[in-house]
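Everything below concerns the one structure shown next.
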Amino acid sequence: MKLTHIEIQNVLGIRRAVVRLDKPICLFAGPNHHGKSSMAEAIRMALTGDATARGVHLKKDLSALVHDGCESGSAAVQFDRVTAYVVLPSGKTTPVAEYAMPPALPYVLDGQRFSTLAPNDRRSFLFGLMGIKITPEAVTQRLVAKGLVLDKIKRITPLLRGGFDAAHKEAKAKATEAKGAWRAITGETYGAVKAASWAAAVPAYDAAALEDALARLSASDAAIATANQTLGALQGDKQRYDAQRARLPALSEKAARLDRIKAKLVKDEADLAEWQAKVDSAGGKPPARPPAVLTCPCCDASLTQLPNGALQAYRGPEVDPDEDPAPEAEPGLNFGVHRASRDLMASAVTNGKRDLADAVAASADLKAIKALGEPPAQSEINTAAVGIEQLKTARQVYSAKVDAMRQAKAAAEAAAKRTTEAAAHHVDVVAWDKLGDALAPDGIPGEMLVEALEPINSRLQQSANDSEWLTVGINADMSITWGTRPYAMLAEAISFHSGVKLLVLDRFDLLDLQGRADLLAWLEVLVEQGEVDSALLFGTLKALPATLPACAQAEWIEGGVVGAMRAAA
């Protein structure tokens, strides 16, 4: 930033200042309280676009920055074909489209500004100055480069927007959670060395023995099933034999009546034949009945109109068509009697045949039951039942062995699972701890800080060597090793690394003669090396210095006006 022209009208203590900067270094000197600080403040307002100064923070109060007795004021600084300006009391400044202030410029214009920042703000400023990105994406790339677990990085990345501290604490909290999970599984206090090789105790378990016990149990079940079938068969035979023997009295009684039933059936069949013959001799049907409608034998007229009782008297009593007709006049018998007797004997024959069949079947069953062998002895049944109980007792032994072995197997599998789960939690602990360590102040933030501090401290050391002053430095905790002229050194280092190449240094008068010479010599070196385009010095002097470097010019300020140079002291 090579300044070429400064023009200030009625700003603070400056009534008028029109300065053409022909040389890189310009010293503004004059009596105390005659406008040097006002000029420096006006230059700052023009270059930064910040119209506030000296406790004036509100736009409505900007009139306080106008020179006493004046209605308006302005400050303009020309550089690199750009003019930055501020107008008071309106507060109008250079449009952004024409000029964008470099972020580091306020720290160059005010050497004390950096030292007034809080440590965290100093760190953030240095990161920005050195182009070190602290975005979640940039930090994620660094974490991945360290070989940390990606899925855990992704879980912690959103917290990086709140800063390293929040992400660091979350990672450590996750590590603590994983330790708690490990402790819940193992029942032991977590230790990194112990957890790396921890394994749950595995109970004794013989897979071959379990298979043998299962085979024996299966054989026992088969033997019990067979024994139950045998016992069931014996009990069934005994029950069937007893049931058949219980029928013997009834069967014996029926079989004893066989001959009587046969004799009676023969007689009943003979009687049936006799009565059937009598029914057949009568034509096999009842005698004819009078017609339902009577007619007069003389005139064929219907007799249904005869007086009450006359028709009945003529026809005789009504006969039910389903009843047997009145018997004919035969000796002691009639057709109805023949038929009733025949039907009675037919029923007797049917019943006789039925009884005969029952008696024959009873005789056959009686013979078969008597031919049965002896039933199973109760002692045989009891022996079979005892054998089953013995088999069941043996099965209980096998079953208990199988259960015990299965429990041992389950315990062994559970132990293996606990070992696997504990190992997984240990891996989580290690991963989260590494991530937490990487996010700790001495991790990636520290690495980034080194990247930021190394260049600026190197520049500060170079300046100390060039000026032969004590070295100024910035420590890892953001404290400052003050050395000599720290504000000037810090402002120059910031100017150099930001590419602004501008210095504005006040209180030049506080240096002794040797110090002033050293400062001018240092600035001369910076100009020769092309590391400073413009340097503005302000100091209270009785007169301008007698001699200045060839790259420097001097301007006298008195009564708020930049005027002719006073004679050198």
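Because the structure is a prediction, the values reported are computed rather than measured. All heavy atoms count here, side chains included; hydrogens, waters and symmetry mates do not.
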Working note: Glu170 + Arg155, criterion salt bridge (charged side-chain N to carboxylate O under 4.0 Å, His left out); need CA distance, chi angles, decisive distance, verdict. CA-CA 10 Å; Glu170 179 65 13; Arg155 291 168 63 184; over 6 Å; no
Aromatic ring pairing Trp198/Trp182, orientation class (parallel under 30°, perpendicular over 60°, tilted between): perpendicular
Does Gln112 have any side-chain contact (heavy atoms from CB on, under 4.5 Å) partners at least two apart in sequence or in another chain, and if so, which? Asp110, Ser115, Tyr487
Rounded to the nearest 0.5 Å, what separation is found between the CD1 atom of Ile456 and the CD atom of Glu451? 14.5 Å
Salt bridge (Lys or Arg N to Asp or Glu O under 4.0 Å) involving Glu447 - partner list, sequence neighbours excluded: Lys146
Checking the side chain of Thr540 only, and the main-chain atoms of Pro31 only, is there a donor and an acceptor separated by less than 3.5 Å? no
Ignoring hydrogens and geometry, is there a side-chain-to-backbone donor-acceptor pair from His497 to Pro455 under 3.5 Å? yes
Does Leu117 offer a backbone N or O that forms a donor-acceptor pair with the side chain of Arg122 under 3.5 Å? yes
Taking ring-ring contact (aromatic ring centres under 6.0 Å, His included) as the test, write out the residues that go with Phe538, two or more places apart. Phe28
Whether Ser218 side chain and Leu214 backbone form a donor-acceptor pair below 3.5 Å: no
Has Lys434 got a side-chain atom pairing as donor or acceptor with Leu148's backbone, closer than 3.5 angstrom? no
Who pairs with Asp221 by salt bridge (Lys or Arg N to Asp or Glu O under 4.0 Å), at least two apart in sequence or on another chain? Arg395
Side chains of Glu531 and Arg459, heavy atoms from C-beta outward: is any pair under 4.5 Å? yes
Without swapping roles, check the side chain of Gln553 against the backbone of Asp22 for a donor-acceptor pair under 3.5 Å. yes
Per the side chain to side chain donor-acceptor pair (under 3.5 Å) rule, what does the pair list look like for residues 435-445, sequence neighbours excluded? Lys172-Asp437
Examine distances only and state if a side-chain atom of Ser38 and a backbone atom of Gly13 form a donor-acceptor pair shorter than 3.5 Å. yes
Sequence neighbours excluded, which residues qualify as ring-ring contact (aromatic ring centres under 6.0 Å, His included) partners of Tyr99? Phe79
Taking side-chain contact (heavy atoms from CB on, under 4.5 Å) as the test, write out the residues that go with Val429, two or more places apart. Ala178, Lys179, Tyr190, Asp433
So, the side chain of Thr419 versus the backbone of Ala415: is there a donor-acceptor pair under 3.5 Å, distance only? yes
Within the side chain of Asp533, is there an N or O that forms a donor-acceptor pair under 3.5 Å with the backbone of Met1? yes
Partners of Gln9 by side-chain contact (heavy atoms from CB on, under 4.5 Å), sequence neighbours excluded? Glu7, Arg16, Val18, Ser74
Residue set satisfying side chain to side chain donor-acceptor pair (under 3.5 Å) with Ser495, at least two apart, ordered chain then number -> none
Once salt bridge (Lys or Arg N to Asp or Glu O under 4.0 Å) is applied, do any residues pair with Arg406, and if so which ones, sequence neighbours excluded? none
Taking only residues two or more places apart in sequence, or in another chain, which ones meet Asp403 in a salt bridge (Lys or Arg N to Asp or Glu O under 4.0 Å)? none
Whether Asp206 side chain and Ala208 backbone form a donor-acceptor pair below 3.5 Å: yes
Can you name the residues that form a side-chain contact (heavy atoms from CB on, under 4.5 Å) with Arg216, not counting sequence neighbours? Asp212, Tyr398
